Amino acid sequence: MSQTIQNRYEFLYLFDCENGNPNGDPDAGNAPRIDPEDMHGLVSDVAVKRRIRNYVQLAKGNAMPYAIFIEHACNLNKHITRAHQEANGQLPTGKSGNKDAVNEARKWMCRNFYDVRTFGAVMSTGPNAGQVRGPVQVTFARSVDPVLPLDVSITRMAVAEDVKGAKTWQDYEKWEAEQQEDTLRTMGRKSLIAYGLYLGKGFISAHLAEQTKFSPDDLKLFFEALLNMYDHDRSASKGRMSVRRPLFVLKHVGTDSNPVQRAAQAKLGCAPAYLLFEEIVQVSRKDGVQIPRSFDDYAITVHEEKIPPGTELLRLPEDMDKLT
């Protein structure tokens, strides 16, 4: 991997969901997440990061240095224990471990696990490998317009009865033959929205990237995953979900004629993040559209004149080679 990134970034992306549940809320019977005050749909940052992890795991085969720390059905302490064994040759003697041992284990985790050096992690759940604050952070995504969660009844043309006394498949077949046809069907439910266009936002810190060694190659992989995450996450519950292109990225490059000062400006940034999110790129319904039902019902307006000095607006994937 090459050197760490040298620029601050903010990014804005759009994705939509048609006849599906973009993010179930466990506190509401897994119905689509909504803001109860205005009925706008929500998708959690955790859900977005899960799909980015899944894409990287598929693309890189879960092999180091692109392995995934927080993977499905895994005990995190396994990886933390390995970090100490690989970096220090042994586990720490106390619960916390000495500072040098913890630091070496933390660096080993950053080198080998993509999601640790990208999003950060708390690694003190077993043998202590400390905590990492990741350079990439994403917010809850929010729908552009209100959405209406629907609870749809479906017919299941089979049952899953636990037949008392049945020990073989022949026992189940005999029980099935004795039942009325109508009793071998059951009802179910699905929670979904008819359509919703969601807007997500994120931030990338060059200073935090120095601590985790988050590189330009890592940055390109992150945006590749963000652009393609739903193409490898299909399920019956999610309907049709797609990340819409382009993905907008504000890259801070600096204005000073002195190269050292310009590099410092590129890391710190030359404008507040809200300019991208609120003024440069705006998403609205097209005139005459009352109830949006597709991406074509929306207009995306880019105000080039509002791009502040010292920044560049990139459109991905077309400008992927400008990420440094």
Side-chain angles (χ1 to χ4, degrees), residues 10-55 137-158 160 185-202 225-248 273-274 276-302:
E10 285 86 43
F11 57 92
L12 183 152
Y13 59 102
L14 293 164
F15 62 92
D16 57 0
C17 177
E18 180 181 299
N19 295 325
N21 185 347
N23 184 206
D25 184 351
D27 292 327
N30 212 43
R33 289 185 189 273
I34 59 168
D35 181 335
E37 291 187 332
D38 61 12
M39 298 300 291
H40 283 248
L42 300 172
V43 172
S44 73
D45 57 330
V46 174
V48 173
K49 288 191 284 188
R50 176 73 270 157
R51 275 138 197 89
I52 291 170
R53 286 184 169 100
N54 290 348
Y55 180 90
Q137 300 300 328
V138 297
T139 67
F140 267 59
R142 185 179 181 87
S143 67
V144 178
D145 284 299
V147 297
L148 178 63
L150 303 174
D151 197 26
V152 180
S153 297
I154 58 174
T155 302
R156 186 182 185 188
M157 299 303 293
R185 290 195 295 263
T186 188
M187 301 298 293
R189 309 193 76 81
K190 269 192 172 185
S191 293
L192 54 84
I193 60 171
Y195 182 79
L197 178 64
Y198 290 76
L199 193 151
K201 305 167 186 176
L226 192 60
L227 284 163
N228 297 288
M229 60 182 176
Y230 288 121
D231 290 330
H232 299 276
D233 189 56
R234 304 298 184 190
S235 69
S237 66
K238 290 212 167 23
R240 196 272 302 144
M241 295 189 69
S242 302
V243 175
R244 296 294 182 163
R245 304 184 179 199
L247 189 157
F248 297 98
Y274 73 80
L276 172 64
F277 304 144
E278 298 177 11
E279 298 185 17
I280 298 173
V281 179
Q282 295 181 335
V283 183
S284 59
R285 272 179 284 159
K286 291 179 179 177
D287 291 342
V289 175
Q290 298 297 319
I291 303 176
R293 282 294 181 265
S294 74
F295 184 67
D296 289 336
D297 290 333
Y298 287 92
I300 300 175
T301 305
V302 179

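Side-chain atoms are counted along with the backbone in the values below, which use heavy atoms only and exclude waters and symmetry mates. Computed from a predicted model, the values in this text were never measured in an experiment.
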Contacts of D25 meeting side chain to side chain contact (heavy atoms under 4.5 Å, CB included) (sequence neighbours excluded), chain-then-number -> D27, A28, R33
To check you understand the geometry: which heavy-atom pair defines the closest contact between A225 and I52, and what is its length?
CB-CG2, 3.9 Å
Can you tell me how far the CZ atom of F15 sits from the CG atom of L247, to the nearest 0.5 Å?
11.5 Å
R240: side chain to side chain contact (heavy atoms under 4.5 Å, CB included) partners, not counting sequence neighbours:
D16, E18, Y195, S242, R244
Just wondering, more than 12 heavy atoms not from I154 lying within 6.0 Å of its CD1?
yes
Spatial distance of atom NZ (K201) from atom OH (Y13) [nearest 0.5 Å]:
11.0 Å
Not counting sequence neighbours, which residues clear salt bridge (charged side-chain N to carboxylate O under 4.0 Å, His left out) with D38? List them please.
R142
Could you tell me the separation between the NZ atom of K238 and the CZ atom of R51, rounded to the nearest 0.5 Å?
4.5 Å
Please enumerate all residues that pass ring pair (Phe, Tyr, Trp, His ring centres under 6.0 Å) together with F11, with sequence neighbours excluded.
F222, F223
Does some side-chain heavy atom of K49 sit less than 4.5 Å from a side-chain heavy atom of V138?
yes
Any T139 side-chain heavy atom under 4.5 Å of V48 side chain:
no
Please name the pair of heavy atoms, one in H40 and one in S143, separated by the smallest distance, quoted to 0.1 Å.
ND1-O, 2.8 Å
Residues in ring pair (Phe, Tyr, Trp, His ring centres under 6.0 Å) with Y298, at least two apart?
none
Would you compute the distance between atom CG of N30 and atom CG of N23 and round it to the nearest 0.5 angstrom?
8.5 Å
So CD1 of I280 and CZ of F248: to nearest 0.5 Å the spacing works out to 10.5 Å
Between S191 (side chain only) and A31 (backbone N and O only), is there a donor and an acceptor less than 3.5 Å apart?
no
Looking at every heavy atom in both K190 and A236, which two are closest together, and how far apart are they?
NZ-O, 3.5 Å
Contacts of type side chain to side chain contact (heavy atoms under 4.5 Å, CB included), residue R185, not counting sequence neighbours
T155, M157, E181, D182
Correct closest heavy-atom pair for V283 and L199 would be CG2-CD1, 4.1 Å
Test salt bridge (charged side-chain N to carboxylate O under 4.0 Å, His left out) applied to D231 - qualifying residues, sequence neighbours left out:
R234
Residues which pass side-chain hydrogen bond (donor to acceptor under 3.5 Å, both in side chains) with N21, listed by chain and number, not counting sequence neighbours
none
Atom pair CG (L42) and CD1 (I34), whose distance is rounded to the nearest 0.5 Å
8.5 Å
Residues passing the ring pair (Phe, Tyr, Trp, His ring centres under 6.0 Å) test with Y55, sequence neighbours excluded, are H232
Partners of I193 by side chain to side chain contact (heavy atoms under 4.5 Å, CB included), sequence neighbours excluded?
C17, P22, P32, V147, Y198
What side-chain hydrogen bond (donor to acceptor under 3.5 Å, both in side chains) pairs are there with at least one residue in residues 283-296, not counting sequence neighbours?
D145-R285
By salt bridge (charged side-chain N to carboxylate O under 4.0 Å, His left out) - contacts of R156 (at least two apart)
none
